[in-house]
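In this text, all values refer to a predicted model and were calculated from it rather than measured experimentally. Start at 1 and go down the list; that is how both ligands and their atoms are numbered. Counting begins at 1 with the first residue of the sequence.
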Amino acid sequence: MTSGTDLRPAPPAGPVGLLIGGDRITVTAAGSAHQHVYPATGQPNTTVALASEVEIDHAVRAAWTAQREWVSLTVDRRRDLLVDLADVVHDHLDELAALNVHDYGVPVSYAGTAVLLERFLRHFAGYVDKPHGSSTPVNGSFDLNLVEREPYGVVAVIAPWNGALAVAGSCVAPALAAGNAVVFKPSELAPLAALRFGELCLEAGLPAGLVNVVPAGADGGDALVRHPGIRKVHFTGGGTTARSVIRAAATNLVPVVAELGGKSANLVFGDADLDTAAVLSAHQGPLMQSGQSCACASRLLVHDSVYDAFVEKFVAVVESAVIGDPFDPGVGFGPVISQGAVDRILRTVDDAVDRGTGRLLTGGRRIGGDLAQGFYVEPTVLTDVDNSSDLAQIETFGPVVSIIRFHDDADAVRLANDTPYGLNAFVHTRDLRRAHGVARELEAGSVWVNTFSDISPQGPYGGYKQSGFGRTGGIDGLNEFLQIKNIRIAMG
Ligand code: TXE
């Protein structure tokens, strides 16, 4: 391993427990636990108790008690508590970034999700003491008609392993700002940073039970969604799981917001700044979080006129990635989440090469040497990819990018939209008319022009098509956690 390993913060001593109503529970009724494996070494680093139906019920009950206390506080007090939480998160950014590394091996140089968490908290704290409702005149009467926006009460927030802190910011923060309590279920594969966030909520002075953190797998997650005390579900994860969640939510007809996967197109036009586009595309493609991001620009569409020149620049940037120990601040590329992910990613690449649906330009192998024990896969680029192939149509969720050639703007839009997903799209051009025109034609919830997916608390984020529905961020993200009541008062 490179320098810096002797400075690594130790993982939490196991067993890591649940946080329910302010209590830390390390032994669950079902006694189930997850042996957490550190992806950079393939070695176990701690054990995590997993919530069963019993603990889920405790968490929902604790949440209802805390929610009633939360809404008994005035809005200025609630606002100030969320600001205090943002301050406490700020004071612990390094610790949270280190826990992210222990969770899923993301390089400490990418502390993005911890920083996002603070930004979202500050943003949504600003909504708490602002008007949430309105009044309207009514036909044929002088009655007083109020349109109120009220919290649901207790909501479930379910996070994927690659972004628990980002989901804490984009989902838990607005839920609290709207007056709800939260039962927050991180993935069993990455619970550490989420649990620490729950403790920071207590340190900031939020009522115990307002944020309950219950690591669990599918069973615990299903019990949470089905619990009669849950009034809304915010799910972030893959489409297959989303279908299970939506079916379970139908039990009590509970509304669901789904933030799902993507197979985002990244369009490089002939007039683009190729050097900048190459750097942005490498970062947004195989390098950021080793491609384990819903926003991964995994389909790189390049205009004929600049194809050879751009591909050469792009591959050079990809091959310059600094690969190694995620705790080394100089490292930008870390492992993938598990052995299973290594196998799945390499199988995807091998299948494409064997079927002739893509030609390997770089990567495609597991990384050996002193990283052999970890789950490291080379940043991988294939060219001449068939856009209808599995490689181009199925989310790889790893450091693999497919390059596809296009001839004109219409061809680019057609290829980009030829996917069941619609989460992000990226456009590189100097032509303002083309940027606007293509952005409007792309079937994606977020379009990024000459930049990477720099998610902000202000901009609504979410999917078209099978990338999900509902939004996080901004007033749209807040309203996902408010329900509307119409009150009409007769005035005689
Ligand atoms: O998802 P999974 P993962 C997507 C990304 C990829 C996926 C990777 O594109 O598709 O997330 O994350 C819990 N009932 N996004 O592998 O397997 C499970 O324990 C209730 C999109 O974690 O779907 C975990 O906590 N819960 C996103 C969560 O569901 C269940 C950004 C997700 O698990 C369950 C980041 C069940 N039956 C990743 N089964 C975006 N769009 O912003 C599992 N879970």
* May I ask you to check whether Ser244 has an N/O atom sitting below 3.5 Å from an N/O atom of ligand 1? => no
* Structure fact -> Test side chain to side chain contact (heavy atoms under 4.5 Å, CB included), reference Val88, set Leu202, Leu200, Leu206, output is Leu200
* To do: May I ask you to check whether Arg366 and Gln339 show a side-chain donor-acceptor distance below 3.5 Å?
  => yes
* Roughly how far, to the nearest 0.5 Å, is the CG atom of Asn45 from the NE2 atom of His36? -> 5.5 Å
* Structure fact -> Numbered in order shown, the ligand 1 atoms found under 4.0 Å of a heavy atom of Ala159 are 24 (C), 25 (O), 28 (C)
* Check each heavy atom of Leu423 against ligand 1 and say whether those closer than 4.0 Å belong to the side chain, the backbone, both or neither. => side chain
* Structure fact -> So the atoms of ligand 1 within less than 4.0 Å of a heavy atom of Trp161 turn out to be 3 (P), 12 (O), 16 (O), 22 (O)
* Asked: Does anything in residues 23-47 pair up under salt bridge (Lys or Arg N to Asp or Glu O under 4.0 Å), and if so which pairs, sequence neighbours excluded?
  -> Arg24-Glu199
* Asp222 neighbourhood, listing ligand 1 atoms whose heavy-atom distance to it stays under 4.0 Å -> 14 (N), 20 (C)
* Under 3.5 Å, is there a donor-acceptor pair linking the side chains of His227 and Asn252? -> no
* **Distance-only side-chain donor-acceptor flag, Ser453 / Gln284, under 3.5 Å** => yes
* N/O separation below 3.5 Å, Glu395 to ligand 1 -> yes
* Asked: Are Asp343 and Arg347 ion-paired here, with the side-chain N under 4.0 Å from a carboxylate O?
  -> no
* Would the number of heavy atoms belonging to other residues, nucleotides or ligands and lying under 6.0 Å from CZ of Arg344 be above 12? -> yes
* Structure fact -> Under 4.0 Å from one or more heavy atoms of Lys185, ligand 1 contributes atoms 13 (C), 18 (C), 19 (O), 24 (C), 25 (O)
* To do: Verify the distance criterion only: is there a donor paired with an acceptor across the side chains of Tyr461 and Glu259 at less than 3.5 Å?
  => no
* Structure fact -> Per side chain to side chain contact (heavy atoms under 4.5 Å, CB included), Thr380 is matched among Val401, Val349, Thr362, Thr396 by Val349
* Please work out which of Gly261, Pro160, Gly237 has its closest non-hydrogen atom nearest to atom 4 (C) of ligand 1. => Gly237
* To do: Give the residue and atom name of whichever protein heavy atom lies nearest to atom 29 (O) of ligand 1, and the separation in Å to one decimal.
  => Phe235 CE1, 3.3 Å
* Charged N to carboxylate O under 4.0 angstrom, Asp418 versus Arg414? -> no
* Asked: Any idea which protein heavy atom is nearest atom 1 (O) of ligand 1, and the distance to it?
  -> Gly238 N, 3.6 Å
* Asked: How does Ile158 reach ligand 1, if at all, at less than 4.0 Å between non-hydrogen atoms: by side chain, backbone, both, or neither?
  -> side chain
* For the side chain to side chain contact (heavy atoms under 4.5 Å, CB included) test, which of Leu482, Val257, Val256 pairs with Lys232? -> Val257
* Asked: Where is the nearest protein heavy atom to atom 20 (C) of ligand 1: which residue, which atom, and how far?
  -> Gly221 C, 3.3 Å
* In the protein, which heavy atom is nearest to atom 5 (C) of ligand 1, and how far is it? -> Phe397 CE1, 3.2 Å
* Asked: Are any of the side-chain nitrogens in Arg355 or Asp390 under 4.0 Å away from the carboxylate oxygens of its partner?
  -> yes
* Asked: What part of Ala216 sits under 4.0 Å from ligand 1 if we count only heavy atoms: the side chain, the backbone, both or neither?
  -> backbone
* Can you tell me which residue and heavy atom of the protein come closest to atom 32 (C) of ligand 1, and the distance to 0.1 Å? -> Thr236 O, 3.7 Å
* Asked: Nearest protein heavy atom to atom 2 (P) of ligand 1, by residue and atom, and its distance?
  -> Thr241 OG1, 3.6 Å
* Would you mind running through ligand 1 and noting each atom that sits below 4.0 Å from a heavy atom of Val245? => 14 (N), 20 (C)
* Among protein heavy atoms, which sits nearest to atom 36 (C) of ligand 1, and what does the distance come to when rounded to 0.1 Å? -> Ala218 O, 3.7 Å
* Give the numbers and elements of all ligand 1 atoms closer than 4.0 Å to a heavy atom of Tyr461. => 42 (O)
* To do: Give the residue and atom name of whichever protein heavy atom lies nearest to atom 31 (C) of ligand 1, and the separation in Å to one decimal.
  => Cys294 SG, 2.9 Å
* **Per-atom contacts of ligand 1 with Asn162, taking only distances under 4.0 Å to non-hydrogen atoms** => 35 (C), 38 (C)
